[in-house]
Amino acid sequence: MDEVVAGLNDAQRAAVTSDADVLQVLAPPGSGKTKTLTARVAALLARGIKPWSIIVCTFTIKAAMEMSERIEAFVGKEAREKLRIGTFHRIALGYLRRNNEKAGLNSKVGVADMTDSIAILKRIIKENKYDLDPNDTAGKISRQKSKGIELEEYIQSLKKPTEQREFVETWREYQQALITSNLLDFDDILLRCVSLLRAHPDCVAGIDTVLVDEFQDTNGIQYQLMALFAQHANRITIVGDPDQCIYSWRSAEVKNLGMMREKWSSTITINLEENYRSTGAILHVAQQLIEQDEARPPKKLQATHEIGHRPVLRRLPTARDEAEWIATEIKRTQALTADLLEHSDFAILVRSAALSRSVEGALKKHHIPYRMVGGVKFYDRFEIKLILDYLRVINHTSHSEALGRIMNVPPRRIGEKTMDSLRDRAQKENRSLWSLLNKFTIHDSIGGLKVSSAAQNGLKQLVSLIRSCQKQLNSGNATIPELIEFVVKGIDLKTYLKAKYSDTCEGRLGNVDELLAQAAEVSSSFPVAIDEESVLTQESSDVVESPLTAFLADAALASATDVRNAEENVSASLVTISTIHAAKGLEWPAVFVPACYDGSIPHSRSENTDEERRLLYVAMTRAKGLLSLSCPIQDSHQQQTTLSSFISGSDVMECFADRGPNLRFSDVQALSRVIHRECPQERDVWSSSKTLERDQDDYWPTDGSVPEKLGEESGVSSEEYTSGFASVRTQMNSIMQSKHNLKEDRALKRQKVEQTKQQAVSDARAYQQQVSGQRDLVSFFQKPKAEKTSIASINTVQITTSTTMDALQGVSNQHASMTRVSNPSYTVRSQALLKKRRAEPPEAPYSFLSSSPTRPEDDQENKEVVDNKQGAMKAATTLHKTSMDVNKRTGKVLGMRRSLNGWPPGGKKN
DNA sequence: TCGGACCAGCTTTTT
DNA sequence: GCTGGTCCGA
């Protein structure tokens, strides 16, 4: 026990050793939250509580793994493996699997990831022609489920049963589709588990203690689940911080903290107050920020480190400059600290993943290695999803969504039409898509269902491939990696990827190898707790879950960036680019938060300003020693920005410096103390600083204007420089202007077209009154498709219109013409008519429309734009060269000045 | 009816 | 910069 509490402060120690049954530990950023929780687990074990009777719930897989590792360091691998550590979803799924009969589930039940859910909803909405957005609907369903509300209950809560008919129907069909495909969506995992544990409390009879990390992020259903896990012994420890609640959009309920205290009145609360992570200056600004929220109860946060550097708030002209600045600051910081900081010590935290692009560009340009966390996830990559879908079908052919996705990938000449008719038929006959396909391979046609012979061949190929895979699997001598390889060969993935992604195919094939490696690891990977425990506690363990089912469930739940990459990157030190959300719980010596403007943070789509503020708070408190916020004057869409309202207030504003720190040697020493590393030698700092072009953050003016003056001491006169710059600016401006004009012009044209179209419709209507009984003409013009067509096709339609008008007037066989006009696929564009059209140009009022959509003027303009751009590029290159030259010379001058000032101190330099 | 070419719009955060 | 939708030729 002594060893467990060694190195803990009083509050932490109290939390770790507390005898309280129900314990809330409120832990602000950097207060050793994870450390306390892991130590408490170790203390419980030391008290003789059996590892398999402890549940530790986290929110992310990453957090679960980190926790797992840390606990292992305390209690050893054996005990750790018996603990039940994992995300809520994974633990819940484990219970469902082991008690599948009690839960009324098929033993092979799979997990529907978000792609599946959205795909199902899309299909339902399309089929029924509902006026719903699939994404919104998914969110709405999920939000209800997160509160523990299922469909029937929701219907009852409606005032009128007819209310929201489309939504309710969609939900109903969605649930039905999940059942047909034998799937649970993310929320269902939790819901089903709640009902299981309610009906069969004995499933968790062996559980002694439940610990929950990041409790402020639990939603209603997770809270219920926690209570149910602990229903026998009622021993619960939670750790959390209301200030870091950033998941209320996922229905996280901060009020769960209060509810917990109400439900278990003996709840003891312990506040951790000392911060071991960040410098005083960083904490101060973070505190100023979070205190803007007046509804928040005041809370102490005590710095243990020295005051340190003032955080930076940097203004820059554009998003590009901002990215460039970050890259140069990273380089400058590294050089001025003589590599005290590695690349992996820097993080760039963005509000939304899309913002990373400009930063990535700049880092690439400066050859700074980086990794993006939370970008395109491994399991979201096309080739991985494809293989997984094949595996899903092989494992369980009723997975119709997956089957639908792989049916024509790689192309088997099975198009949308064929697929729709197959789905339709399957639904009518109330059978799975697969069984229908199966039938197709035996009989060449089924009851009047038409499928082209090419498509039929394709179907046969697919079915036989899946069948032979299943044979492999069932024979029992194929491992998952072997199965994957079999699939890859069977669909000739290599050739397909090469054809489809000629440029990125290498990397994609690499991803496939990656998947193979992960599949090989599946049995040994975390968490193994579930199997161990079922043996030890003699819970019903007669269900032997196939490794493939387990692998697929893992893949669906594993949204975290892939584990292996993280491992590989240990050797290569990489700068981290991450969303703020994904950065929660982590820390870095130096943190950059770009794009601090209104619309980004707080995000324009966000409805909860306080949560956005907490988000910025989380971002700031990731930093140990150096924190830099930045804000471009112009965002990436050339729009003016307003500095984030969170930091423009004077209380916060005055905490910031307006440019990067000077990083004198004393600063380096201070930094090394904060991050607990040995300080580099002064002479090393000096020599590494010489590699820099400039050793201060003084290239960009602090007011965010464009740098115009460079060192006048250098050979380049400032006029020369300024005029060069001005000319580039002028040219750039003229490019922007012409681009703008072009845009406006196009908009104008579109408007004209629109007007004429309406004119045409009303003309047609008038005409219709003349030609009684020819209703088709008007309905043709009113086709929504026609309304949506681009300029080009509108032109065609219009030409056709006037042509038809002509034809109608001239040709006696009116009926024939009308029939053609009424055909929505524009077959009126028959050769004969077009020829006639060419021979006799149409009359006004439609004549101007017949001009080509890319007018010669446009071409001319485009060319000018291109020419201008090239000219500007050239100028810019020259300019850049000049500025580099200036920089070099300035650098020299600065270097000289520095040595004149006696720095580095004599004697220390070799 | 299918597949390739092109264009538009989008982009909050995650299990 | 990627996806989804639309158009058009075969």
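Everything numeric in this text was worked out from a predicted model, so none of it was measured. Each chain gets a letter, A, B and so on, in the order its sequence line appears, and its residues count up from 1.
Closest-nucleotide positions on DNA chain B for A:A455 and A:H581 were compared, and the one nearer the 5' end corresponds to A:A455. Nearer to the 5' terminus of DNA chain B, by closest-nucleotide assignment, is the contact made by A:P411 (compared with the other of A:P411 and A:E612).
Straight-line distance from the CG atom of A:D187 to the C1' atom of B:dT14: 11 Å, rounded to whole Å. The CZ atom of A:R405 sits 11 Å away from the P atom of C:dG4 (whole-angstrom rounding). Rounded to whole Å, atom P of B:dT1 lies 20 Å from atom CZ of A:R412. To the nearest angstrom, P of C:dG1 lies 15 Å from CG of A:L355. In this structure, A:R90 atom CZ and B:dT14 atom P are separated by 18 Å, rounded to whole Å. Atom-to-atom, CD of A:Q216 to P of B:dT14 comes out at 16 Å; the value is rounded to the nearest Å. Between A:I118 atom CD1 and B:dC10 atom C1' there is a gap of 15 Å when expressed in whole angstrom units. The nearest whole Å value for the distance from the CZ atom in A:F59 to the C1' atom in B:dT13 is 15 Å.
Heavy atoms of A:D113 sit nowhere under 4.0 angstrom from any nucleic acid atom. Nucleic acid contact class of A:H89 (heavy atoms, under 4.0 Å, all strands): base. Within the 4.0 angstrom heavy-atom criterion, only backbone atoms of the sugar-phosphate kind lie near A:Y247; the bases stay farther away. Within the nucleic acid shown, A:R250 comes within 4.0 Å of at least one base atom, counting heavy atoms only.
Considering every non-hydrogen atom in both A:D217 and A:F59, the closest pair reads O-CE2, 3.2 Å.
Each of C:dG4, B:dT13, B:dG3 was ranked by its minimum atom distance to the side chain of A:N408; first place goes to B:dG3. When distances are taken from the side chain of A:A582 to each of B:dG3, C:dG4, B:dT14, the shortest belongs to B:dT14. Taking only side-chain atoms of A:R357, from C-beta outward, the nucleotide of B:dT14, C:dG1, B:dG3 with the closest atom is C:dG1.
Looking only at atom types and distance, the side chain of A:D187 has a donor-acceptor partner in the side chain of A:S142 under 3.5 Å away. Using modelled atom types and a 3.5 Å distance limit, the side chains of A:S117 and A:D185 yield no donor-acceptor pair. In this model, no donor atom of one side chain and acceptor atom of the other lie less than 3.5 Å apart for A:Q222 and A:Q224.
Between A:H581 and A:W249, the ring planes lie perpendicular to each other; the angle is over 60°, past the 30° to 60° tilted range.
Contact check, A:N608 against B:dT13: no side-chain N or O comes under 4.0 Å of OP1 or OP2. Applying the 4.0 Å criterion to OP1 and OP2 of B:dT14, one finds that A:T579 has a side-chain N or O inside that range. For the OP1/OP2 pair of B:dC2 and a distance below 4.0 Å, the side-chain nitrogens and oxygens of A:T418 include at least one atom meeting the criterion.
For DNA chain C, the stems formed by at least three consecutive Watson-Crick or G-U pairs, with both atom-pair distances below 3.5 Å, span B:1-9 with C:2-10.
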Using salt bridge (charged side-chain N to carboxylate O under 4.0 Å, His left out), reason through A:E401 and A:R123 one step at a time and then give a plain yes or no. CA-CA 10 Å; A:E401 301 308 318; A:R123 206 193 62 222; 2.5 Å; yes

Derivation and outcome, side chain to side chain donor-acceptor pair (under 3.5 Å), residues A:D598 and A:S645: CA-CA 7 Å; A:D598 278 340; A:S645 45; 3.2 Å; yes

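Ring-base stacking between A:W249 and B:dT13 is satisfied, the centre separation being under 5.5 Å and the plane angle under 30°.
Taken to the nearest 0.5 Å, the OH atom of A:Y597 stands 14.0 Å off from the CG atom of A:L629.
Spacing between B:dT13 and C:dG4 at atom P, rounded to whole Å, works out to 16 Å.
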